Amino acid sequence: MATWNNQTVSEVQQHAKNWLGDFRAFILRGNVVDLAVGIMIGAAFTAVVNGLVSNIITPLIPLPTGSLATVVWHPPYNPKASVNIGAFINVVITFLILAFVIYFFIVRPVNALMQRYKPKDTEAPPATRDCPYCLNSVPLMATRCGYCTSPLPPPPQQQPAQAQQQAAART
């Protein structure tokens, strides 16, 4: 029992609790769960597209020797080897269908939603103005030019929203 009262053991126990708590928080975050669901749905959809391509699309493409799905090439230098060209064409067609579906049904709608709900960029009011005498850039609220020491006219009046934004930016 003296081991449990040891300072080092207590610190290790506390670190382990912190790590497990952090891991639990990471797993339960919404984006991790959404990612896991997306991967599972993607795998199921890939299986459906694989079945569509290998069982329906490529057998319908006619060739003199049968269908596209059964095309095999035997290299002349090694007659025992076979290159399954039909399977490769199945994979390429599957990839193209998946890329088409992902782009037009996921990427484009998400981009449209992001564009629609993205906050509008507001133009920041200028922080400087030009001196009317020497044309150097001086701070907006300056009353005298730092270059030619001429008195400057008061700054142009700002809209109330712009004045609040500028005050918030200063703090």
Side-chain angles (χ1 to χ4, degrees), residues 4 8-129 137 139-140 158-171:
W4 294 109
T8 306
V9 172
S10 298
E11 289 176 8
V12 169
Q13 182 181 6
Q14 187 63 34
H15 285 297
K17 283 183 182 178
N18 289 341
W19 290 342
L20 290 175
D22 291 344
F23 180 71
R24 188 186 81 209
F26 168 74
I27 291 299
L28 294 179
R29 283 195 332 212
N31 54 359
V32 173
V33 174
D34 292 342
L35 180 63
V37 169
I39 288 172
M40 297 308 295
I41 290 175
F45 182 70
T46 301
V48 169
V49 171
N50 282 335
L52 173 77
V53 171
S54 62
N55 297 324
I56 295 174
I57 293 177
T58 49
L60 291 177
I61 300 173
L63 289 177
T65 61
S67 71
L68 184 61
T70 60
V71 174
V72 177
W73 177 65
H74 298 283
Y77 56 86
N78 188 359
K80 292 182 181 178
S82 63
V83 179
N84 195 350
I85 296 173
F88 177 73
I89 293 174
N90 280 347
V91 171
V92 169
I93 293 172
T94 301
F95 171 77
L96 292 175
I97 291 173
L98 286 172
F100 177 83
V101 168
I102 289 171
Y103 180 73
F104 283 105
F105 292 109
I106 295 174
V107 173
R108 289 197 56 177
V110 167
N111 285 344
L113 283 173
M114 295 297 283
Q115 189 68 23
R116 183 174 183 180
Y117 292 109
K118 183 174 129 183
K120 303 285 187 243
D121 291 335
T122 57
E123 285 189 29
T128 60
R129 61 183 171 150
S137 180
L140 183 65
Q158 296 177 351
Q159 301 295 340
Q162 288 178 339
Q164 289 175 355
Q165 287 175 354
Q166 202 172 40
R170 279 188 236 141
T171 58

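Source: prediction; values computed, not measured.
Here CZ of F105 is found 8.5 Å from CZ of F45. Values are rounded to the nearest 0.5 Å. The distance from the CG atom of N90 to the CG atom of N55 is 8.5 Å, given to the nearest 0.5 Å. One finds the CD1 atom of I97 at 5.5 Å from the CG atom of L52 (value rounded to the nearest 0.5 Å).
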Before you tell me yes or no, could you show the steps for V92 and F88 under side chain to side chain contact (heavy atoms under 4.5 Å, CB included), namely the whole-Å CA-CA distance, both residues' side-chain angles and the distance that decides it to 0.1 Å?
CA-CA 6 Å; V92 169; F88 177 73; 3.7 Å; yes
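Minimum interatomic distance between V72 and S82 (heavy atoms only, all atoms of both residues): CG1-CB, 3.5 Å. For the residue pair R129 and P139, the shortest heavy atom distance occurs at NE-O, 4.0 Å. Across all non-hydrogen atoms, the minimal contact from P75 to A81 is CD-O, 3.4 Å.
For T128, the side chain to side chain donor-acceptor pair (under 3.5 Å) criterion is met by S137, not counting sequence neighbours. Contacts of Y103 classified as side chain to side chain contact (heavy atoms under 4.5 Å, CB included), with partners at least two apart in sequence or in another chain: V107, R108. By the ring-ring contact (aromatic ring centres under 6.0 Å, His included) test, Y77 is found to be paired with no residue, residues two or more places apart in sequence or in another chain being considered.
H74 contributes no side-chain N or O that, together with a main-chain N or O of V83, makes up a donor-acceptor pair within less than 3.5 Å.
Of the residues listed (V101, T94, L96), the one engaging L98 in a side chain to side chain contact (heavy atoms under 4.5 Å, CB included) is T94, and it is the only one.
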